[in-house]
Amino acid sequence: MHIAVIGTGYVGLVVGAGLAETGNDVVCADIDDGKIERLNDGEIPIYEPGLEPMVRRNLGAGRLRFTTDVGAAVRQSSVIFIAVGTPPGEDGSADLQHVLAVADTIGANMDGEKVVITKSTVPVGTAAKVRAAIEARTDHEVHDCSNPEFLKEGAAVEDFMKPDRVVVGIDSDYAREVLEELFAPFVRTGNPVIFMDIASAEITKYAANAMLATRISFMNMVSRLCEAVGADVDMVRYGIGTDERIGPAFLFAGVGYGGSCFPKDVQALIRTMHEHDLDAGILEAVEAVNAAQKRLLLDRVVERYGEDLGGRTFAVWGLSFKPETDDMREATSRVVIQGLVERGATVRAHDPQAMDEAARVLPREGVELVENNYEALEGADALLIMTEWQPYRRPNFERIVATLKEPVIFDGRNLFRPGKMREMGFEYVSVGRPLRLT
Ligand SMILES: NC(=O)c1ccc[n+]([C@@H]2O[C@H](COP(=O)([O-])OP(=O)(O)OC[C@H]3O[C@@H](n4cnc5c(N)ncnc54)[C@H](O)[C@@H]3O)[C@@H](O)[C@H]2O)c1
């Protein structure tokens with residue numbers, strides 16, 4: 001099939017490369033000239049495991065192309081994916097300007113019957129707006145579909161190539177046939193392609209992210225009770241996660257959720273509920289718990305050292321919002337580092353992949369980015385762990401003790417066993433576990 005993917009970000013690039021991998025002829029279009037130039041040189045603008053070889057392979061085979069000419073990409077294709085960003089607007093609702101701008105360009109370049117699939121996460125009712133924008137520009141038949149994407153950054157290639165399920169909202173038999181054929185290579189082991197009406201597909205994406213965010217906030221709430229009474233949230237997690245009605249995923253207490261999806265999607269769903277005069281109490285609570293949790297390590301530092309952190313230095317390990325990505329959108333590290341710097345502290349920070357992004361988004365004053373995680377410890381009063389990257393899980397503790405001014409660790413990801421840390425002489429603060437072990 002001849003396919004255009006419009007918007008070549010985290011999602012568009014994975015989708016484009018994945019569809020080319022199964023033999024399709026794919027053109028990825030984006031209005032960001034710099035990004036397209038780099039991609040045409042075989043350079044991948046983001047860190048995502050397995051993506052680079054897949055892009056290079058398909059570029060080399062001539063099945064994958066990159067362009068800034070969105071109109072030409074539309075004209076060359078019979079199937080078009082819209083994968084542009086839907087960032088939060090000022091009121092929290094999803095900003096649809098990019099999606100609708102693409103719909104307008106599609107309409108202006110329709111030269112035959114085409115299937116147009118919205119992959120961006122969009123509020124219920126958006127597919128109808130996309131169709132209206134296209135039909136305002138053309139008499140050619142458009143088959144409008146919703147195909148929300150469930151990939152996780154850090155495992156995006158694996159998730160796209162072997163999805164648990166594919167959700168597709170359609171309102172024509174033709175679209176169903178085309179998409180059944182397109183997705184067949186990805187579900188050979190029997191995982192379902194679930195066809196439904198378009199509104200249900202649009203809601204499914206928000207409901208999935210809101211449910212996952214709810215689990216995280218729920219456990220973070222429970223972690224506060226565990227701290228208050230000296231219980232261990234990891235044992236509670238194990239205790240409930242083994243109940244098959246609950247399951248073990250997304251139950252880790254920590255420093256809250258970040259990233260480009262959960263925060264904005266929870267907000268957008270609240271907004272949609274309100275637009276329909278419906279109560280969004282659960283989601284509002286999920287957001288409030290998360291906002292408090294993102295400040296947790298900052299609050300712990302202030303409890304320990306006081307409001308004035310002038311003259312103090314803190315090492316931070318992990319800047320991306322989760323491991324195996326360089327994405328720092330809504331990352332908790334940003335909240336904590338901003339709070340430390342505002343109180344006069346110096347921060348020495350390390351991340352295995354997000355250093356370029358960190359240089360772009362972190363405050364310049366008061367933050368030093370260092371190439372090696374042990375170098376971050378030099379002259380530091382304490383270490384804060386923000387992201388559970390693998391290399392941080394089994395560090396050289398003797399070296400940490402020898403390098404920090406005092407052996408103090410604030411662990412936002414519960415990487416270590418509190419008893420062991422105490423034995424090694426650390427003052428060790430983690431999440432939802434006994435704060436002071438005797
Ligand atoms: N990142 C994820 O993990 C993830 C997962 C599932 C769904 N989503 C959803 O997918 C969508 C895209 O997310 P992302 O993280 O890939 O965003 P992104 O910001 O990484 O990429 C969006 C791309 O769209 C381009 N763009 C904007 N306007 C354009 C236009 N008019 N024409 C062509 N290109 C244009 C931008 O230049 C950018 O490269 C969002 O709706 C998001 O909610 C993201």
Side-chain angles (χ1 to χ4, degrees), residues 4-18 27-39 44-49 51 66-74 77 80-89 93-109 116-123 126-127 130 133 146-160 163-164 166-167 201-202 204-210 212-213 257-269 320-322 324-331 357 361:
V5 180
I6 320 275
T8 312
Y10 280 84
V11 168
L13 186 54
V14 173
V15 170
V27 54
C28 287
D30 202 290
I31 49 173
D32 183 335
D33 302 347
K35 191 179 269 189
I36 293 300
E37 208 170 299
R38 288 173 69 185
L39 283 162
I44 310 299
I46 54 171
Y47 174 72
E48 188 59 52
L51 185 57
F66 298 102
T67 183
T68 51
D69 190 342
V70 180
V74 170
S77 307
I80 302 158
F81 283 89
I82 303 177
V84 296
T86 46
S93 62
D95 180 349
L96 295 178
Q97 61 165 312
H98 304 299
V99 170
L100 294 178
V102 172
D104 184 66
T105 308
I106 295 173
N109 287 279
V116 175
I117 305 145
T118 303
K119 203 166 231 328
S120 303
T121 302
V122 291
T126 302
V130 167
S146 161
N147 168 226
E149 181 51 59
F150 296 99
L151 62 76
K152 304 182 284 296
E153 284 177 27
V157 170
E158 175 79 10
D159 286 347
F160 184 73
D164 293 340
V166 178
V167 169
E202 289 172 327
T204 299
K205 173 64 191 177
Y206 282 100
N209 274 1
L212 295 171
Y257 59 78
S260 69
C261 292
F262 288 3
K264 83 168 170 59
D265 292 351
V266 170
Q267 258 182 41
L269 187 54
S320 56
F321 84 94
K322 69 173 181 181
E324 297 300 331
T325 179
D326 59 355
D327 197 342
M328 286 184 65
R329 289 179 281 185
E330 303 281 335
E357 196 54 13
V361 302

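All ligand and atom numbering here is 1-based and tracks the order in the structure. Please read these numbers as outputs of a predicted model, since none were measured by experiment.
Partners of Ser93 under the side-chain hydrogen bond (donor to acceptor under 3.5 Å, both in side chains) rule, at least two apart in sequence or in another chain, are Asp91. Lys35 meets the salt bridge (charged side-chain N to carboxylate O under 4.0 Å, His left out) test with no other residue; sequence neighbours excluded.
Counting only distance, with no hydrogens or angles, the side chain of Glu324 and the backbone of Glu48 share no donor-acceptor pair below 3.5 Å. No donor-acceptor pair closer than 3.5 Å links the side chain of Asp30 to the backbone N or O of Thr67. Of the possible polar contacts, one joining the Glu202 side chain to the Ala127 backbone as a donor-acceptor pair under 3.5 Å is found.
Ligand-side atoms of ligand 1 in range of Ile6: 32 (N), 33 (C), range being under 4.0 angstrom from any heavy atom. Below 4.0 Å from some heavy atom of Cys261 lie the following atoms of ligand 1, by number and element: 2 (C), 3 (O), 4 (C), 5 (C), 44 (C). Each of the following atoms of ligand 1 lies closer than 4.0 Å to a heavy atom of Lys264: 42 (C), 43 (O). For ligand 1, the atoms closer than 4.0 angstrom to any heavy atom of Lys35 are 38 (C), 39 (O). Numbered from 1 in the order shown, with element, the atoms of ligand 1 that lie under 4.0 Å from a heavy atom of Val102 read 30 (C), 31 (N), 32 (N).
Considering only non-hydrogen protein atoms, atom 41 (O) of ligand 1 sits nearest to Thr86 OG1, 2.6 Å. Protein heavy atom closest to atom 2 (C) of ligand 1, with residue, atom name and distance, is Glu153 OE2, 3.4 Å. What sits closest to atom 35 (C) of ligand 1 on the protein, heavy atoms only, is Val84 CG1, 3.4 Å.
The distance criterion of under 3.5 Å between nitrogen or oxygen atoms is not met by Lys119 with respect to ligand 1. The N/O atoms of Lys205, backbone and side chain alike, include none that comes under 3.5 Å of an N/O atom in ligand 1.
For atom 37 (O) of ligand 1, the choice among Ile36, Asp30, Ile46 with the nearest heavy atom turns out to be Asp30.
Between the CD1 atom in Ile6 and the OG1 atom in Thr118 there is a gap of 11.5 Å [rounded to 0.5 Å]. Distance check, rounded to the nearest 0.5 Å: CD1 of Ile36 to CZ of Arg38 gives 11.5 Å.
Pro45 and Leu13 get closest at one heavy-atom pair: CD-CD2, 4.2 Å.
When heavy-atom distances to ligand 1 are checked against a 4.0 Å cut-off, Ser260 comes that close only through its side chain, counted from C-beta outward. With a heavy-atom cut-off of 4.0 Å, Arg329 touches ligand 1 through its side chain alone. Contact annotation: for Ala83 versus ligand 1, heavy atoms closer than 4.0 Å belong to the backbone alone. Under 4.0 angstrom from ligand 1, there are no non-hydrogen atoms of Lys152. Residue contacts with ligand 1, taken as heavy atom pairs separated by less than 4.0 Å, involve Val11 via backbone and side-chain atoms alike.
Here the options are Val11, Ile46, Asp327, Asp159, the test is side chain to side chain contact (heavy atoms under 4.5 Å, CB included), and the partner is Glu153; only Asp327 passes.
A 4.5 Å side-chain heavy-atom check between Thr86 and Lys264 finds at least one atom pair inside the cut-off.
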